[in-house]
Amino acid sequence: MNTVFEQIFEILFDMYGPQGWWPLLKKQKGEILCAYHPGNYDLPQKKIQIFEICLGAILTQNTSWQNVIKALINLYQLDSLRPRTIEKMPMDDLGQAIRPAGYFNQKAKKIKAFTAFYLQLNGKVPTRDQLLNVWGIGPETADSILLYAYKVASFVIDAYTRRIFVNIGLIQDHLKYHDIKKQFENNLKKDIFIYQEYHALIVTHAKAYYSKKDLYAKDPLLTSAKVNLIK
DNA sequence: AACCAGGACGTGA
DNA sequence: TCACGTCATGGT
């Protein structure tokens with residue numbers, strides 16, 4: 001028997017299809033753009049893409065992805081989407097480059113701190129605790145880095161996840177990050193494909209039904225036969 | 001013109 | 001532990 005969490009995954013996957021996370025910069029006809037890669041689970045390929053995902057995870061903290069893209073492209077244009085360059089980049093320059101992503105003073109510090117940590121890793125896969133000990137990396141950013149940059153099955157919880165699953169009555173509002181994370185992980189197969197797509201699907205679904213309060217009640221998950229059956 | 005974005009940290013109680 | 005203020009740009 002499938003768990004409710006598995007059933008909701010299938011409903012969302014049927015609704016939206018593969019999401020192709022984490023989006024990566026790519027050159028196309030001399031233009032730099034940021035693209036999803038639905039159905040391709042072999043990314044990131046290069047070490048530089050791992051680093052790019054880590055910076056994106058920091059830059060997108062409480063910030064729309066469109067603003068993050070501008071910051072990433074700025075860094076790329078400056079040939080600064082690389083750890084060695086960022087390491088010796090003046091804080092002011094770094095801050096100006098990532099300015100469109102907001103909180104640019106804090107995020108410049110966070111990126112500096114992460115870059116030092118990343119270089120010291122020397123290519124090894126970081127543990128979750130190691131990531132959490134880096135200034136500026138909290139639980140969601142750590143899990144995003146693990147799941148999308150390093151393909152470690154660590155489920156990502158964000159504000160959307162809480163909003164959706166409280167609304168459909170599957171989690172209580174007072175639960176903290178770790179508790180919600182365990183709810184998902186205890187009810188899902190430990191599978192990179194599922195973890196990656198599930199979080200991405202949650203974000204896509206939330207953008208459609210949870211941007212404004214008056215939309216919450218129109219979430220199709222509320223009227224889904226399968227969900228109501230289990231509840 | 002408020003309100004919110006794929007959060008995290010510092011502070012005081 | 002926990003609620004609350006702060007950080008900041010850009011789109012709706």
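Just so we're on the same page: letters track the sequence lines, and every chain starts at 1. Just so we're clear, the structure is a prediction, and the values are computed from it rather than from any experiment. Scope of the values below: all heavy atoms of this structure, side chains included, with no hydrogens, waters or symmetry mates.
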Task: ring pair (Phe, Tyr, Trp, His ring centres under 6.0 Å) partner of A:W22, chosen from A:Y150, A:W65, A:Y36 - done: A:W65
Task: Separation of B:dC9 C1' from A:Y103 OH (nearest whole Å) - done: 12 Å
Task: Aromatic plane relationship, A:F155 with A:Y195 - under 30° parallel, 30 to 60° tilted, over 60° perpendicular - done: perpendicular
Open item on the list: Output the rounded distance in Å from CD (A:E197) to P (B:dG6).
Closed with: 18 Å
Open item on the list: Of the options C:dG11, B:dA5, C:dA8, whose atoms approach the side-chain atoms of A:K70 most closely?
Closed with: C:dG11
Open item on the list: Students often get this wrong, so: under 4.0 angstrom with heavy atoms, is A:Q106 touching a base, only sugar-phosphate, or nothing?
Closed with: base
Open item on the list: If you go through the side-chain atoms of A:Y36, does one of them form a donor-acceptor pair with the base of B:dG6 closer than 3.5 Å?
Closed with: yes
TODO: Mind checking A:W135 for me? I need base, sugar-phosphate or nothing, with any heavy atom below 4.0 Å counting as a touch.
DONE: sugar-phosphate
- [ ] Would you classify A:G138 as touching base, sugar-phosphate or nothing, given that sugar-phosphate means primed atoms plus P, OP1 and OP2, and contacts are heavy atoms under 4.0 Å?
- [x] sugar-phosphate
Open item on the list: How many whole angstroms separate atom NZ of A:K212 from atom P of B:dA2?
Closed with: 17 Å
Open item on the list: Counting the atoms with a prime plus P, OP1 and OP2 as sugar-phosphate, which does A:I137 contact under 4.0 Å by heavy atoms, base, sugar-phosphate, or nothing?
Closed with: sugar-phosphate
Task: Which nucleotide in B:dG7, C:dT9, B:dG6 has an atom nearest any side-chain atom of A:P100 - done: C:dT9
TODO: Could you tell me whether the side-chain ring of A:W65 sits stacked on the base of B:dG6, using a centroid cut-off under 5.5 Å and a plane angle under 30°?
DONE: yes
Open item on the list: Could you tell me how far apart A:N67 (CG) and B:dA5 (P) are, to the nearest whole angstrom?
Closed with: 13 Å
Open item on the list: Strictly below 4.0 Å: does A:T141 bring a side-chain N or O up to OP1 or OP2 of B:dA8?
Closed with: yes
Task: Spacing of A:H174 atom NE2 relative to C:dT1 atom C1', expressed in whole Å - done: 15 Å
Open item on the list: Using 30° and 60° as the class boundaries, would you call the ring planes of A:W21 and A:Y148 parallel, tilted or perpendicular?
Closed with: tilted
- [ ] For the residue pair A:F165 and A:F184, categorise the inter-ring angle as parallel (less than 30°), tilted (30 to 60°) or perpendicular (more than 60°).
- [x] perpendicular
